[in-house]
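Lettering of chains follows the sequences in order, A, B, ..., and the numbering in each one begins at 1. Note that these values count all heavy atoms, side chains included, but never hydrogens, waters or copies made by symmetry.
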Amino acid sequence: MSKSGEMNEPSFYERVYDVVRRVPPGWVVTYGQVAACLGAPRSSRAVGYALRALAAGNDVPWHRVVNHRGQISLRYPTESPMLQRLLLEDEGVRFDTQSRIDLTTYRWHPEEAGT
DNA sequence: GAGATGACGGGCT
DNA sequence: AAGCCCGCCATCT
């Protein structure tokens, strides 16, 4: 990404970011939810790919996105997963003894939020 | 243009 | 309940 096309295309990335930005503090969504919200319920992996490309200093609450098991999928930098957990706990999200989030309680439903 | 990658999801064992 | 495998999709090399 160094040629033309990194800031002029409303790519999937932007849409993903836009959805994630709507997630209120203290709530979480799964990659699949974000994908479904974009009209591509099968693009969950692509969503993760988009978030991976996020640069530091952005206004996207990426930490509110977890996998369908309610766990943090990050395994990259050793600190990122811990950071995500700290950010969520700071917002009131509780983790069980298995470092897992109860999606039945914290899962945010965009359709209920209205658009 | 083709092959490989990845912050996933669902189903089966 | 937890783990393993396969399939999807957008992007990268």
Side-chain angles (χ1 to χ4, degrees):
Chain A
M1 37 174 120
S2 25
K3 295 177 62 179
S4 56
E6 58 178 74
M7 65 149 193
N8 59 337
E9 290 181 29
S11 62
F12 222 75
Y13 287 7
E14 296 250 345
R15 297 189 182 180
V16 171
Y17 304 152
D18 186 59
V19 173
V20 177
R21 263 187 282 248
R22 289 194 226 154
V23 184
W27 293 85
V28 299
V29 291
T30 64
Y31 297 89
Q33 274 184 269
V34 178
C37 199
L38 297 178
R42 300 303 188 229
S43 305
S44 50
R45 294 188 77 170
V47 173
Y49 200 91
L51 293 181
R52 178 193 181 287
L54 270 177
N58 57 75
D59 61 327
V60 182
W62 55 271
H63 58 277
R64 290 171 198 153
V65 185
V66 297
N67 62 26
H68 72 124
R69 292 159 71 174
Q71 295 181 295
I72 295 174
S73 291
L74 286 180
R75 32 145 139 159
Y76 221 94
T78 312
E79 294 188 274
S80 291
M82 181 164 58
L83 172 62
Q84 179 168 10
R85 175 166 180 165
L86 289 177
L87 289 172
L88 288 174
E89 291 185 316
D90 187 58
E91 297 182 347
V93 177
R94 294 221 220 162
F95 288 73
D96 59 18
T97 54
Q98 298 174 66
S99 300
R100 202 158 49 176
I101 300 173
D102 182 2
L103 290 179
T104 63
T105 300
Y106 296 103
R107 180 192 274 185
W108 179 64
H109 302 270
E111 57 276 10
E112 292 180 4
T115 11

**Request:** Check the distance between C:dT11's P and A:Leu54's CG and give it to me in whole angstrom.
**Result:** 14 Å
**Asked** Considering all heavy atoms of both residues, which atom of A:Arg107 and which atom of A:Thr30 are nearest to each other, and what is their separation?
**Response** NH2-CG2, 4.4 Å
**Message:** Output the rounded distance in Å from CG (A:Asn58) to C1' (B:dA7).
**Reply:** 14 Å
**Item:** A:Ser99 to A:Gln71 - nearest heavy-atom pair and separation
**Value:** O-CG, 4.1 Å
**Message:** To check you understand the geometry: which heavy-atom pair defines the closest contact between A:Pro81 and A:Leu74, and what is its length?
**Reply:** CG-O, 3.5 Å
**Proximity to the side chain of A:Arg52 - top-ranked nucleotide from C:dT11, B:dA7, B:dG9** = B:dA7
**Prompt:** Nearest-Å distance, OH (A:Tyr49) to P (B:dG6)?
**Reply:** 8 Å
**Fill in**
When rounded to whole Å, the CG to P distance for the pair A:Asp102 and C:dA1 reads 12 Å
**Message:** Taking atom types as they are modelled, would you say the side chain of A:Tyr31 forms a donor-acceptor pair with the base of B:dA7 within the 3.5 Å cutoff?
**Reply:** yes
**Request:** From the options C:dT11, C:dC9, B:dA7, select the nucleotide whose nearest atom is closest to the side chain of A:Leu51.
**Result:** B:dA7
**5' priority, DNA chain C, between A:Gln98 and A:Ala46 [closest heavy atom]** = A:Gln98
**Message:** Rounding to an integer number of Å, can you tell me how far A:Leu74 CG sits from B:dG6 P?
**Reply:** 14 Å
**Prompt:** What does A:Gln71 touch in the nucleic acid at a heavy-atom separation under 4.0 angstrom: a base, only the sugar-phosphate, or nothing?
**Reply:** nothing
**Request:** Calculate the interatomic distance between A:Trp62 atom CH2 and B:dC8 atom P; express it in whole Å.
**Result:** 13 Å
**Asked** For the side chain of A:Arg45 and the base of C:dC8, is some donor closer than 3.5 Å to an acceptor across the two?
**Response** yes
**Asked** For the pair made of CZ in A:Arg42 and P in B:dG10, what is the distance, rounded to whole Å?
**Response** 8 Å
**Asked** So with a 6.0 Å cut-off around CZ of A:Arg94, is the heavy-atom count from everything else above 12?
**Response** no
**Any A:Ser43 side-chain nitrogen or oxygen under 4.0 Å from OP1 or OP2 of C:dC8** = no
**Item:** Rounded interatomic separation in angstrom, taking CZ from A:Arg69 and P from B:dC8
**Value:** 11 Å
**Request:** Might you point out which heavy atoms bring A:Val66 and A:Gln84 nearest each other, and give the distance in Å?
**Result:** CG1-NE2, 4.0 Å
